[in-house]
Amino acid sequence: MAIMLTMIAVFFIGVIVILYVTLKRTRSFDDYAVAGRSFGPWFVAMCYVNSWWPGTVFISFAGLSVASGVFGLYGLAYSTLGLSFMYFIATRAWRWGKHYNLVTQPDLMRLRYSSKPVGVVSSIIGAIAILPWTVLGMQALATVFHIASDGKWALTVCLVIGLLVILIRQIWTVQMGMRGLIYTDMYQGIFAYVVAAIVCVYLLVASNSPANWGQLAHLSDKLIHLPGDGGSYGAMYMFSSVFTGVVGALCWPMSFVRIYTASNIRSVKKSSNYAILLSGVFYALLTLVMIAAAHIPNIAKNPQGGWTTLLSDYGGVWLLGLGLVMIFAGSIGHIDGSVQAAGTQIANDIIGNRIKLDDKQKTIVSKICMVIFVIVSAVLAYFTNGMPRLQLLAQLSYQGIVQLAVPLFLGIFFKFGNKYGALAGMISGFSVAAILTIIYPDDIPALWSLTSGIVGLVLNLIMYIAVSLLTRNKVSDAEKAHVDELFDVAAAKQAIASPKPLAQPIAQQQVAEAE
């Protein structure tokens with residue numbers, strides 16, 4: 001008990017030391033929200049991975065691999081494909097971000113469609129989708145402290161301790177914004193993904209390991225079949241799972257904003273390649289280890305505790321302590337990114353759209369929003385601890401966040417589409433996905449096991465195209481000129497050096513009057 005708690009404490013002290021060393025006064029909201037667009041590819045890559053894989057990857061995803069075998073690899077498929085897409089949108093997204101001083105994902109949506117309501121709706125969807133994962137991350141921390149205490153501390157006590165840790169960490173997140181987040185993500189990511197990958201390699205190659213390569217040659221039939229290949233799931237379930245993940249990979253606000261933190265386009269593109277390497281190697285190794293460990297009775301009995309059970313049985317208290325540090329590192333990194341993204345969006349895109357705020361005021365409001373978001377998450381984490389239906393909220397969040405994909409990605413690559421189509425698509429798609437997820441939390445049997453997010457996405461696309469066509473005559477010449485300017489900026493040979501305020505794009509005053 002003392003050894004494991006000390007290991008976690010030493011790691012956390014390391015986080016605080018890094019924050020103290022790198023602490024500097026933010027000069028502007030741009031510096032606060034996107035770290036002044038100053039970071040290189042490795043920092044951006046690790047920050048992205050830490051925002052993508054939460055600490056629960058060692059619990060829920062590891063448990064999925066134990067229970068369902070090769071199906072666990074679907075996470076590898078959608079994460080690497082999603083990161084690949086980041087490479088292709090990097091040029092347009094970064095150039096628009098630099099030229100128009102964008103700091104959030106809804107900023108880009110508002111700019112592209114010349115519409116404040118589009119920015120508000122996309123920000124609301126993003127904030128709602130982030131909240132359940134922040135709650136689940138806080139509960140994952142409770143699991144870490146429960147195991148570290150050898151089960152002597154009640155789960156409620158462990159949850160309170162986990163919440164205190166997050167609140168202490170948020171002192172610096174609120175002070176430093178994105179800059180502190182990126183520095184600590186590198187430190188946390190080394191433990192959560194690099195050290196974890198090394199441990200996984202050791203477990204796979206050690207001859208006396210109960211989860212070595214040899215075990216993969218003796219898997220049961222249950223572990224080598226994908227959903228839809230017989231069983232209760234239909235033929236479209238695997239497609240739905242992977243496609244939703246790929247489409248949603250860059251819809252998460254805390255993931256997309258990483259593009260803006262890069263120092264240049266080259267850094268963004270390199271970071272996507274590095275992130276694919278980090279994420280792919282880590283997740284593939286973790287999945288193989290857990291599949292190889294599926295034959296162990298204690299792990300098969302409790303799949304979600306498989307990672308800690310394996311490390312405890314094979315390596316004892318020191319290896320288990322290191323495993324808990326990995327979960328701890330992934331959890332606080334993911335929570336930090338979620339809180340920063342949510343607070344910045346609420347201040348910049350919801351409150352800032354109704355009340356004119358200068359840079360200093362926007363930074364203060366953003367800090368207040370972060371504090372409120374943490375408190376709300378903490379309260380929900382405490383009162384929903386142990387509630388199985390919270391899983392429904394997590395599923396709803398993922399099926400909902402992909403509804404940003406249609407106006408976001410089509411708006412980045414095509415001039416077709418307007419604010420009316422974007423609003424109609426997002427609202428109808430999110431509403432249908434929410435209702436269907438409540439009725440069918442996993443899949444929809446009558447539709448060959450399509451998920452609710454896919455159904456909502458199809459409706460979203462139809463509404464986006466149909467409404468944009470029906471309202472094309474309502475689009476003013478000023479709005480058309482604005483879109484033309486955006487695509488001219490995206491096609492520039494080099495990034496524009498002088499940022500142009502978001503409030504002043506071409507013919508912006510005429511566009512506002514047209515609204």
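Worth saying up front: this structure is predicted, and the values here are computed from it rather than measured. Quick note: residue numbers are just sequence positions, from 1.
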Trainee: Evaluate the side-chain proximity of Asn264 to Ser267: yes if any heavy-atom separation is below 4.5 Å, no if none is.
Mentor: yes
Trainee: Over all heavy atoms of both residues, which pair between Gly137 and Ile335 is shortest? Give the atoms and the distance, please.
Mentor: C-CD1, 3.5 Å
Trainee: Between atom CZ of Phe71 and atom CG of Leu73, what is the distance when rounded to the nearest 0.5 Å?
Mentor: 10.5 Å
Trainee: Cut-off 3.5 Å, side chains only: do Ser271 and Arg258 have a donor facing an acceptor?
Mentor: no
Trainee: Tell me, please, which residues at least two apart from Asn418 pass side chain to side chain donor-acceptor pair (under 3.5 Å).
Mentor: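 Counting only residues at least two positions away or on another chain, Asn418 forms a side chain to side chain donor-acceptor pair (under 3.5 Å) with Thr471.
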Trainee: Answer yes or no: does atom CZ of Phe413 have more than 12 heavy-atom neighbours from other residues, nucleotides or ligands under 6.0 Å?
Mentor: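 Yes, because the 6.0 Å sphere around CZ of Phe413 holds more than 12 heavy atoms from other groups.
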Trainee: Measuring from atom OH of Tyr113 to atom CG of Leu486, what distance do you get when rounded to the nearest 0.5 angstrom?
Mentor: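 With rounding to 0.5 Å, OH (Tyr113) is 11.0 Å from CG (Leu486).
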Trainee: Could you give me the CA-CA distance, side-chain angles and deciding distance for Leu203 and Leu311, then say whether side-chain contact (heavy atoms from CB on, under 4.5 Å) is met?
Mentor: CA-CA 9 Å; Leu203 290 170; Leu311 297 183; 4.0 Å; yes
Trainee: Parallel, tilted or perpendicular: which one describes the rings of Tyr274 and Trp42, with boundaries at 30° and 60°?
Mentor: parallel
Trainee: Indicate yes or no for a side-chain donor-acceptor contact from Trp94 to the backbone of Val268 under 3.5 Å, with no hydrogens or angles considered.
Mentor: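 Side chain of Trp94 to backbone of Val268: no pair is present.
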Trainee: Flag the pair Trp307 / Ile59 as yes when at least one side-chain heavy-atom distance between them is below 4.5 Å, and no otherwise.
Mentor: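 With C-beta onward as the side chain, the pair stays apart.
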Trainee: Under 4.5 Å between any side-chain heavy atoms of Asp336 and Gln188, yes or no?
Mentor: yes
Trainee: Between the main-chain N or O of Leu181 and the side-chain N or O of Thr184, is there a donor-acceptor pair closer than 3.5 Å?
Mentor: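 Judged by distance alone, yes, a pair lies under 3.5 Å.
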Trainee: If you take all heavy atoms of Gly180 and Arg169, which pair is closest and at what distance?
Mentor: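 Between these two residues, the closest heavy atoms are O-NH2, 4.0 Å.
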Trainee: Identify the heavy atoms of Ala93 and Leu108 that sit nearest to each other, and give their distance.
Mentor: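 Looking at all heavy atoms of both residues, the shortest contact is CA-CD1, 4.2 Å.
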Trainee: How about Met7 and Leu324: do any of their side-chain heavy atoms sit closer than 4.5 Å?
Mentor: no
Trainee: If you round to the nearest 0.5 Å, how far is CG of Leu278 from CG of Asn273?
Mentor: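 So the CG of Asn273 and the CG of Leu278 are separated by 11.0 Å.
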Trainee: Atom CD1 in Ile161, atom CG in Leu5: separation rounded to 0.5 Å?
Mentor: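 With rounding to 0.5 Å, CD1 (Ile161) is 8.0 Å from CG (Leu5).
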Trainee: What class does the angle between the rings of Phe61 and Trp53 fall in, given that below 30° is parallel, 30 to 60° is tilted and above 60° is perpendicular?
Mentor: perpendicular
Trainee: For His482 and Leu111, indicate whether the former's side chain and the latter's backbone hold a donor-acceptor pair under 3.5 Å.
Mentor: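 Checked: pair present.
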Trainee: Can you see whether Asp185 engages Tyr48 through a side-chain donor-acceptor pair at a distance of less than 3.5 angstrom?
Mentor: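 Judged by distance alone, the side chains do not pair up.
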Trainee: List the residues meeting salt bridge (charged side-chain N to carboxylate O under 4.0 Å, His left out) with Lys415, not counting sequence neighbours, and say none if there are none.
Mentor: Asp484
Trainee: Measuring only between side-chain heavy atoms, which start at C-beta, is Val118 closer than 4.5 Å to Met426?
Mentor: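 Yes, at least one pair of side-chain atoms sits under 4.5 Å.
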Trainee: For a side-chain contact (heavy atoms from CB on, under 4.5 Å) check, start with the C-alpha distance between Val339 and Ile166, then their side-chain angles and the critical distance, and finish with the verdict.
Mentor: CA-CA 10 Å; Val339 169; Ile166 288 298; 5.9 Å; no
Trainee: Kindly determine whether Trp96 and Tyr260 satisfy ring pair (Phe, Tyr, Trp, His ring centres under 6.0 Å), including the steps that lead there.
Mentor: CA-CA 9 Å; Trp96 288 353; Tyr260 298 151; over 10 Å; no
Trainee: On a heavy-atom basis, which atom in Val402 and which in Gln399 lie closest, and how many Å separate them?
Mentor: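 Heavy atoms of Val402 and Gln399 come nearest at CG2-O, 3.2 Å.
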Trainee: Go through the steps to decide whether Tyr78 and Tyr74 satisfy the test ring pair (Phe, Tyr, Trp, His ring centres under 6.0 Å), and finish with yes or no.
Mentor: CA-CA 6 Å; Tyr78 79 71; Tyr74 96 98; 5.3 Å; yes
Trainee: Would you give the length of the straight line joining atom OG1 of Thr261 to atom CD1 of Ile182, rounded to the nearest 0.5 angstrom?
Mentor: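 Taking OG1 in Thr261 and CD1 in Ile182, the distance rounds to 4.0 Å.
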Trainee: Would Val289 and Leu285 count as a side-chain contact (heavy atoms from CB on, under 4.5 Å) if you check the C-alpha gap in whole Å, the side-chain angles of each, and the deciding distance to 0.1 Å?
Mentor: CA-CA 6 Å; Val289 166; Leu285 289 170; 5.5 Å; no
Trainee: Rounded to the nearest 0.5 Å, what's the gap from CG on Leu19 to CD1 on Ile16? Could you check?
Mentor: 5.5 Å
Trainee: Answer with yes or no whether the side chains of Trp133 and Ser397 bring together a donor and an acceptor at under 3.5 Å.
Mentor: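 There is such a pair (donor and acceptor under 3.5 Å, judged by atom type) between the side chains of Ser397 and Trp133.
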Trainee: Could you tell me whether a side-chain N or O of Ser366 sits under 3.5 Å from a main-chain N or O of Lys362, the two making a donor and an acceptor?
Mentor: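 No, because the side chain of Ser366 does not come within donor-acceptor range (under 3.5 Å) of the backbone of Lys362.
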Trainee: Which heavy atom of Leu83 sits nearest a heavy atom of Ser279, and at what distance?
Mentor: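 Result for this residue pair: CD1-CB, 4.0 Å.
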Trainee: Just by distance, do the side chain of Gln345 and the backbone of Ala342 share a donor-acceptor pair under 3.5 Å?
Mentor: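 Judged by distance alone, no pair lies under 3.5 Å.
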Trainee: Using a 4.5 Å cut-off on heavy atoms from C-beta on, say whether the side chain of Met370 contacts that of Val374.
Mentor: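 The answer is no; the side chains never approach within 4.5 Å.
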Trainee: For Ala381 and Leu159, work out which heavy atoms get closest and say how close.
Mentor: O-CD2, 3.3 Å
Trainee: Between Met290 and Leu286, is the side-chain contact (heavy atoms from CB on, under 4.5 Å) condition met? List the steps.
Mentor: CA-CA 6 Å; Met290 298 318 299; Leu286 178 65; 4.3 Å; yes
Trainee: Do Thr80 side-chain atoms and Ala77 backbone N/O form a donor-acceptor pair below 3.5 Å?
Mentor: yes
Trainee: Ignoring hydrogens and geometry, is there a side-chain-to-backbone donor-acceptor pair from Asn460 to Gly456 under 3.5 Å?
Mentor: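 No: the side chain of Asn460 does not pair with the backbone of Gly456.
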Trainee: Can you check whether Ser79's main-chain N or O pairs, donor with acceptor, with Tyr283's side chain at less than 3.5 Å?
Mentor: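 No.
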Trainee: Side chains of Phe487 and Phe414, heavy atoms from C-beta outward: is any pair under 4.5 Å?
Mentor: no
Trainee: Side-chain contact test, heavy atoms from C-beta onward, threshold under 4.5 Å: evaluate it for Ser123 versus Arg110 and give yes or no.
Mentor: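 A side-chain contact is absent here, since even the closest heavy-atom pair is not under 4.5 Å.
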Trainee: Using the ring-ring contact (aromatic ring centres under 6.0 Å, His included) definition, which of the options Trp52, Phe58, Phe191 pairs with Phe282?
Mentor: Phe58
